[in-house]
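Because the structure is predicted, anything quoted here is derived from the model rather than measured. Numbered from 1 within each chain, the chains take letters A, B, ... in sequence-line order. The analysis underlying the following values was restricted to heavy atoms, covering all of them including side chains, and did not include hydrogens, waters or symmetry mates.
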There are 2 protein chains.
Amino acid sequence: MIRKTAGGPPAAARRTPPSIRDVAAAAGVSYQTVSRVLNGSPSVRADTRTAVLAAIEEMGFRPNRSARALGLGRARAVTVVTADTMLYGYASTLQGIEEAARAAGFAVGVRVIESDSADDVRQAADYVADPSAGAVVVIAFDPAGAKVLAALDDDVPAVAAIEASGRRDTGRVVICLDERVAAAQATEHLLALGHRTVHHVAIPSEDGGSGRQAGWRDALERAGAPVPAVVPAGWDMAAAYAAGRRLAADPLVTAVLCGNDDLALGVRRALYEQGRDVPGEVSVVGFDDIPGSAYWTPALTTVRMDFAGLGRACFEAAVAQLAGDAQPEVSLIAPCLVVRESTAPPRTEP
Amino acid sequence: MIRKTAGGPPAAARRTPPSIRDVAAAAGVSYQTVSRVLNGSPSVRADTRTAVLAAIEEMGFRPNRSARALGLGRARAVTVVTADTMLYGYASTLQGIEEAARAAGFAVGVRVIESDSADDVRQAADYVADPSAGAVVVIAFDPAGAKVLAALDDDVPAVAAIEASGRRDTGRVVICLDERVAAAQATEHLLALGHRTVHHVAIPSEDGGSGRQAGWRDALERAGAPVPAVVPAGWDMAAAYAAGRRLAADPLVTAVLCGNDDLALGVRRALYEQGRDVPGEVSVVGFDDIPGSAYWTPALTTVRMDFAGLGRACFEAAVAQLAGDAQPEVSLIAPCLVVRESTAPPRTEP
DNA sequence: CGAGCGCGTGTGACCGGTCACGATAGCGTG
DNA sequence: CACGCTATCGTGACCGGTCACACGCGCTCG
């Protein structure tokens, strides 16, 4: 490592960045006073404070994050635990967390969960047990995230972002987007258009019962419509495409609710290849409102979700937990259906 | 912070996680020996090592990352500096870095650059100057990234991911995807199909001269084709859409190369709304091969880029720099054109 | 047979902050 | 005028690792 050079070259540039003690010496106070200024302690006289601040400014001093974390016991940081970083919902949530963290002067780390195997789950949980991880937000939209949440050591300050409320109690703070009512809304839109029922191509869900899928089922049951078998498609567009081909072959299918916009794309492509017009013959609705969906042909009817808001709320909650404060009120923008071109009344029977 | 409880409740669970000295005491050695085992020092007798390892295992000891970083002078971590986390190229590169880092046992941090203003650039550079940032990878596809790269303190171990070689020398290790030849390839494909020339809707570029745009120009000039004015569209699909409307109005436009797939989507939508068939009347090619592009209608001809490989290579290079090792050889998958449905020969003049 | 060397290990200081406590000064009060 | 209190500031120890160096031991070699 770099050590302070005692004699060094004559006009050598400083090697080691200034420490709190260097600043103290320059300002003519003790290191503790500098520390107090850094932490905004009220018991520092105004002129002392300005002197210290001037020294800090002049020397270009910046507190060492590792040292601070070591002394404090936990870092002023947030680390996001997630099974994926590219999928729109995950990436947007991460973005929301990052923005809020940066605004608050927190460092941000990312730890992805390789799989939901016991080993990978444990490794992720161990990772965030380290104090340098700071506060933790686990994105628990899927089984891997949910397992990590359960495996977390009790004393790591963590909150979870989940898909829908009503999940079994975990003893942890959770913040959710209400996808269930949103999915119901989308399904009702299709029903109101005159469709007999709505098929569902699903993403993997944490428990298969409380999120998008549940909302779809709710709406169908409330309307007394038949509830077709769910078509699972993973996160994979290819799987959605395959599912779409099967659906396309069935003349009774006139409306499809997809677990997310990517799946909707796969389904729509399959429909296209089979010559089934969207929305003329079958209506398709997605979920998430990814940026491109408004530009598709036809533009996709979908449900807009406030993932970024979810991320920000999670950050606030995680920090509150880190500080031992009461949980802040959360106010998220409710999901909303945005109707575009991919839905229409079913073709009237000839 | 949590302090060790001296007397504490009778059967109280341990509060503080075990430290290196606790392990040493349990194994009957000194803390330094434990440290040596942790770092794989060869000068530890085999049976001593196994004893220490057993104690570590039994106590569930995990080294404190902050303490290690403080002692070492730099953290075993990599932090990614980027202007964006959602755009496909950026997100994929980040993903590649994360995978490699996780495999190597490195922590990963993210720091996004708010804008390319002097202030934001400086803040980002300051952030990674902290030793806890570890090695640094700056994604310099855009002006903000390039500015941060230039603003970096000389002694922070950093490498940059850039769009194409041939950039002005920065004195920094840079790793690039050769987009220039890739763009030329795509342009030549269109020319070979019989198009008189190719229009270009561009993403922002770091210097407007060495990346995608330059490759396009190269190919046009080599073929003696006219070089139309570049249509800049930012990162914004709406801007691409607007550009597409203008292009659609010009009957001379028969082929469009877009700076990325998102822009291609905007352009294609505009063409669609104007009733200009793709690829019948105009051919469109994108860049990046985002996951959905194969499922669009028509499926997009585009250039596949190995962003994940770029990310992995950047990580390796950054770590080598952190360790003071020689730069490793990099081998990236070259970009390749994937021809799908959105390109065809121009309609023959009636 | 003693000096020299290499192996395996332990001790002390240090990284750069934080906490707990003590010291000093200035002030008001009985 | 002695006492106590508060505002302000400084000293020492500590967080949990790392480095530099010293030490004891057994071996080889002159």
Between [N] and [X], is there an OP1 or OP2 to side-chain N/O distance shorter than 4.0 Å?
{"X": "B:Ser30", "N": "C:dT9", "answer": "no"}
{"X": "B:Thr33", "N": "C:dG10", "answer": "yes"}
{"X": "B:Ser43", "N": "C:dC7", "answer": "no"}
{"X": "B:Asn39", "N": "D:dT18", "answer": "yes"}
{"X": "B:Arg68", "N": "D:dT18", "answer": "yes"}

Counting only side-chain heavy atoms from C-beta out, which of [options] sits nearest to [X]?
{"X": "B:Ala67", "options": "D:dG16, D:dT18, C:dG17", "result": "D:dG16"}
{"X": "B:Tyr31", "options": "C:dT11, C:dT18, D:dG17", "result": "C:dT11"}
{"X": "B:Val44", "options": "D:dT11, C:dT9, D:dA20", "result": "C:dT9"}
{"X": "B:Pro63", "options": "C:dT18, D:dG17, D:dT8", "result": "D:dG17"}
{"X": "A:Arg21", "options": "D:dG10, C:dG17, D:dG16", "result": "C:dG17"}
{"X": "B:Gln32", "options": "C:dG17, D:dT8, D:dA20", "result": "D:dA20"}

Touch class at under 4.0 angstrom, heavy-atom based, for A:Thr48 against every strand present: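 Sugar-phosphate, no base atom in range.
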Grab the [atom1]-[atom2] distance between [X] and [N] for me, whole Å please.
{"X": "A:Arg74", "N": "D:dG16", "atom1": "CZ", "atom2": "C1'", "value": "15 Å"}
{"X": "A:Arg36", "N": "C:dC19", "atom1": "CZ", "atom2": "P", "value": "11 Å"}
{"X": "B:Arg65", "N": "D:dC15", "atom1": "CZ", "atom2": "P", "value": "20 Å"}
{"X": "A:Ile20", "N": "C:dG17", "atom1": "CD1", "atom2": "C1'", "value": "6 Å"}
{"X": "B:Leu70", "N": "D:dC15", "atom1": "CG", "atom2": "C1'", "value": "9 Å"}
{"X": "A:Met59", "N": "C:dG16", "atom1": "CE", "atom2": "C1'", "value": "14 Å"}
{"X": "B:Ile56", "N": "D:dG17", "atom1": "CD1", "atom2": "C1'", "value": "13 Å"}
{"X": "B:Phe61", "N": "D:dG17", "atom1": "CZ", "atom2": "P", "value": "4 Å"}

Exceeds 12 heavy-atom contacts within 6.0 angstrom, atom CD of A:Gln327: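 Enclosed.
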Over 12 foreign heavy atoms within 6.0 Å of CG, B:Asp47: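 Yes.
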Side chain B:Arg76, main chain B:Ala104, donor-acceptor under 3.5 Å: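 Confirmed, B:Arg76 side chain pairs with B:Ala104 backbone.
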With sequence neighbours excluded, residues passing ring-ring contact (aromatic ring centres under 6.0 Å, His included) with A:Phe106: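 Scan of A:Phe106 (ring-ring contact (aromatic ring centres under 6.0 Å, His included), adjacent residues dropped) gives A:Phe315.
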Pairs satisfying salt bridge (Lys or Arg N to Asp or Glu O under 4.0 Å), at least one member in residues 311-324 of chain A, at least two apart: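 Applying salt bridge (Lys or Arg N to Asp or Glu O under 4.0 Å) to every pair that reaches into residues 311-324 of chain A, excluding sequence neighbours, yields A:Glu99-A:Arg312.
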